[in-house]
Amino acid sequence: MKIATWNVNSLKVRLPHLLQWLAANPIDVLCIQETKLTDDKFPVAAINEAGYEVVFSGQKTYNGVAILSRLPIADVVRNNPHYQDEQQRLIAATIGGVRFICAYVPNGQAVGSDKYAYKMGWLAALRTWVGAELEIHEQFAILGDYNIAPEDRDVHDPELWAGQIHCSDLEREQLRELCGLGLVDAFRLFEQPEKQYSWWDYRQMAFRRNRGLRIDHILLSQALAKRCEACVIDREPRKWEQPSDHTPVIATLL
DNA sequence: ATGGCGCAATGGTTGCGA
């Protein structure tokens with residue numbers, strides 16, 4: 001079973017990329033973020049034709065998440081039951097005996113801003129929900145755009161980014177505490193090449209210069225981590241015409 | 001230090017992302 005996460009930065013623009021990528025990669029469950037579509041505009045038919053069921057929770061202009069699956073999708077929950085939020089950033093479902101959460105963590109904009117405070121409160125509430133889910137589901141995975149680079153090795157220029165948004169101590173602490181519930185970063189279960197990132201700024205040829213951040217993650221429960229055989233970042237779609245600024249992360253499970 | 005780029009809503013320009 002292959003599972004993946006990808007922030008598509010507008011599904012309207014990126015639907016061809018998504019379909020092309022799925023045609024070339026045998027993904028069973030894909031969590032996507034930043035669909036930026038209201039539910040009435042979601043391209044269900046095109047995704048069904050590609051062989052996937054899909055559930056989604058969207059809104060106009062910003063945010064929006066979805067889970068695509070080759071296997072039947074059950075027990076769908078939209079948003080965090082422990083947190084009142086007008087922004088559509090979370091959707092959960094059970095697929096193939098695994099409980100999945102697809103997450104689009106708030107960006108936070110700048111340390112100390114209102115949006116940063118929202119990010120912190122949102123992450124604290126997420127932890128409450130994930131803790132409750134882990135009580136129920138031994139096989140659990142939360143995939144998404146966390147907007148947090150866990151460590152300096154996940155940052156192209158740690159000095160430039162020191163203390164900045166995505167890299168601040170409080171954000172990293174939030175991620176550590178989330179993992180403290182009993183989750184592991186699938187990417188770090190394996191030896192990886194250096195300078196592996198999942199996002200690069202559109203500007204200043206950041207991708208070509210590999211000036212990126214690793215902010216998209218697949219976190220697995222202990223039981224699911226035992227089934228994990230590989231985790232890779234697929235840079236290919238970032239090379240295509242009109243790419244998303246993020247690229248997919250894939251985990252292979254036994 | 002700032003802006004660069006891209007997307008959305010818009011109908012010129014702004015908000016936001018990361």
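Being a predicted model, the structure only gives us computed values, none of them experimental. Sequence lines set the chain letters: A, B, ... in the order given, protein chains first and strands last, and positions in each chain run from 1.
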To the nearest angstrom, how far is [X] atom [atom1] from [N] atom [atom2]?
| X | N | atom1 | atom2 | value |
| --- | --- | --- | --- | --- |
| A/R238 | B/dA18 | CZ | P | 13 Å |
| A/L11 | B/dA8 | CG | P | 10 Å |
| A/Q204 | B/dA18 | CD | P | 17 Å |
| A/R214 | B/dA18 | CZ | C1' | 16 Å |
| A/Q164 | B/dT2 | CD | P | 12 Å |
| A/Q109 | B/dG15 | CD | P | 11 Å |
| A/D245 | B/dA8 | CG | C1' | 14 Å |
| A/Y62 | B/dA9 | OH | C1' | 8 Å |

So what does [X] touch, heavy atoms closer than 4.0 Å: a base, only the sugar-phosphate, or nothing?
| X | result |
| --- | --- |
| A/D216 | nothing |
| A/F207 | nothing |
| A/R211 | nothing |

Atom [atom1], compared across [N] and [M]: separation rounded to whole Å:
| N | M | atom1 | result |
| --- | --- | --- | --- |
| B/dT14 | B/dA18 | P | 22 Å |
| B/dT2 | B/dG6 | P | 23 Å |
| B/dA1 | B/dT13 | C1' | 24 Å |

Answer yes or no: is there a donor N or O on one side and an acceptor on the other, between the side chain of A/H156 and the main chain of A/R209, under 3.5 Å? no
Side-chain (A/Q88) to main-chain (A/N63) donor-acceptor, under 3.5 angstrom: no
Can you tell which of [options] lies closest to the side chain of [X]?
| X | options | result |
| --- | --- | --- |
| A/T61 | B/dC7, B/dA9, B/dG3 | B/dA9 |
| A/R89 | B/dA8, B/dG17, B/dA18 | B/dG17 |
| A/N107 | B/dG15, B/dA18, B/dC5 | B/dA18 |

If you compare every side-chain N and O of [X] against the phosphate oxygens of [N] (OP1, OP2), does one of them come in below 4.0 Å?
| X | N | answer |
| --- | --- | --- |
| A/S10 | B/dA8 | yes |
| A/R203 | B/dA18 | no |
| A/N9 | B/dC5 | no |
| A/Q242 | B/dC7 | yes |
| A/Y104 | B/dA18 | yes |
| A/K12 | B/dA8 | no |

Do the non-hydrogen side-chain atoms of A/W122 and A/N80 ever get within less than 4.5 Å of each other? no
Note, A/C231 side chain near A/V249 side chain (heavy atom, < 4.5 Å): yes
Pick the closest DNA chain B nucleotide for A/V13 and for A/H166 by heavy atoms, then say which residue is nearer the 5' end. A/V13
Checking A/S221 against A/E138: is there a side-chain donor and acceptor pair closer than 3.5 Å? no
Determine, using ring centers only, whether A/W6 and A/W21 are less than 6.0 Å apart. yes
